[in-house]
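Notes follow the structure.
Values reported hereafter were calculated over all heavy atoms of this structure, with side chains retained and with hydrogens, waters and symmetry mates removed.
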Amino acid sequence: MKHVFVFLFLAFFIILNASSQPKFELGLSTEGSWVMKKELTVPGGHIGERHNWGTAFGAYIFVPVWWRFSLSGGVGCRYSEIQKGDAIWTPHENRPGAYLSGYDYRKFQRYYMVVPFNLNLLVTRNVFITGGIEYCRVLNDYTSILKNPEYNWTIGIGSQKHKLRWSLQYLRGFNEQRIQNKASADGSDPAFLFYYQTNRLQLNLSYPLLKSR
């Protein structure tokens, strides 16, 4: 946990330092994400893949730091799901062997506390590019979690022409994650492993509640 507190302290110090600039914003944020098929990673075997989705809400702070550069950060709660399809093999009627007849899909739901930090560059009056990192702590009560917290890097483009600021970002995890769920008490849902590495497109929206100039 020591590295977590160091990370949060440094992030807080940066934002506190930047707050001495002549203007800043505080507001609410939300997101919607398209989880790509290749986010699911399984070592070998036949698996079924589906596109999935995620969403989040939270609060943010936005502060100019120098020239066209600004920092943004915040805290939020994120939901994300992914589905893994185990192969269903059906025996042939008139000859030996079996054929792949479909997939048995299982949904894997993830809840996170997310702390994003981004550096933004205003390239025109209303358009900016953005990039940064995310601290993501898994909140689910799983049997085992390989890495908690997870870290993602992000890059994207956005607009601040109106109060409702938006950005479209690509997210990628630094490392592969492995999580095992708990089997249900009645045995109807056995324990199983999910391997994944964050890989998604994400639309972020933010609206200021407090703005100082």
Side-chain angles (χ1 to χ4, degrees), residues 1 3-5 7-12 14-15 25-41 49-62 71-84 105-120 128 130-158 164-182 192-209:
M1 290 293 292
H3 67 286
V4 175
F5 290 110
F7 175 83
L8 293 176
F9 175 79
L10 290 176
F12 176 77
I14 290 173
I15 287 184
E25 287 182 20
L26 291 173
L28 299 177
S29 62
T30 186
E31 70 184 42
S33 58
W34 180 56
V35 181
M36 299 181 182
K37 289 182 179 180
K38 61 182 179 180
E39 178 163 309
L40 182 64
T41 59
E49 298 172 315
R50 288 177 174 173
H51 293 298
N52 291 276
W53 63 280
T55 187
F57 66 90
Y60 78 94
I61 182 171
F62 180 91
L71 288 174
S72 57
V75 62
C77 181
R78 174 180 291 166
Y79 167 83
S80 181
E81 67 177 42
I82 193 170
Q83 296 183 67
K84 172 188 173 186
Y105 282 95
R106 294 176 177 178
K107 184 184 295 184
F108 175 42
Q109 299 174 316
R110 292 163 288 174
Y111 294 89
Y112 298 96
M113 181 189 74
V114 183
V115 183
F117 291 95
N118 290 281
L119 177 65
N120 314 296
F128 63 90
T130 182
I133 61 172
E134 290 185 340
Y135 164 94
C136 303
R137 175 159 289 275
V138 180
L139 302 178
N140 303 70
D141 182 21
Y142 288 114
T143 302
S144 65
I145 303 176
L146 179 63
K147 297 179 177 68
N148 200 16
E150 302 172 20
Y151 292 93
N152 304 324
W153 60 263
T154 72
I155 189 168
I157 188 169
L164 185 64
R165 181 184 290 112
W166 66 266
S167 65
L168 183 64
Q169 297 184 342
Y170 173 70
L171 276 69
R172 178 71 173 170
F174 280 99
N175 302 108
E176 186 181 63
Q177 175 69 290
R178 184 189 71 240
I179 290 180
Q180 183 175 15
N181 78 325
K182 294 181 178 179
F192 56 93
L193 286 170
F194 269 94
Y195 296 80
Y196 69 91
Q197 187 169 358
T198 298
N199 198 314
R200 64 186 64 188
L201 288 176
Q202 184 168 287
L203 177 64
N204 300 306
L205 302 175
S206 60
Y207 188 85
L209 297 179

Among side-chain atoms of Ser29 and Asn204, is any donor-acceptor pair under 3.5 angstrom?
no
What distance separates Asn118 CG from Trp153 CH2, expressed to the nearest 0.5 Å?
12.5 Å
Atom pair OG/CD of Ser33 and Gln169 - distance to nearest 0.5 Å:
11.5 Å
Quick one: does any side-chain atom of Thr198 pair with a main-chain N or O of Arg172 as donor and acceptor, under 3.5 Å?
no
Heavy-atom count around Phe57 CZ within 6.0 Å, excluding the residue itself: above 12?
no
Taking atom types as modelled, find out whether Arg200 and Ser80 have a side-chain donor-acceptor pair closer than 3.5 angstrom.
yes
Do any N or O atoms from the side chain of Asn148 and from the backbone of Val138 form a donor-acceptor pair under 3.5 angstrom?
yes
Is any side-chain heavy atom of Leu209 closer than 4.5 Å to a side-chain heavy atom of Leu28?
yes
Going by atom types alone, do Asn152 and Tyr135 pair a side-chain donor with an acceptor below 3.5 Å?
no
Does the Glu39 side chain pair with the main chain of Tyr196, one donor and one acceptor, at a distance under 3.5 Å?
no
Interatomic distance, Ile145 atom CD1 to Arg178 atom CZ [nearest 0.5 angstrom]
11.0 Å
Can you tell me how far CZ of Phe117 sits from CD of Glu134, rounded to the nearest 0.5 angstrom?
11.0 Å
Partners meeting ring-ring contact (aromatic ring centres under 6.0 Å, His included) with Tyr111 (sequence neighbours left out):
Tyr79
Are the side chain of Thr55 and the backbone N or O of Glu31 linked by a donor-acceptor pair below 3.5 Å?
yes
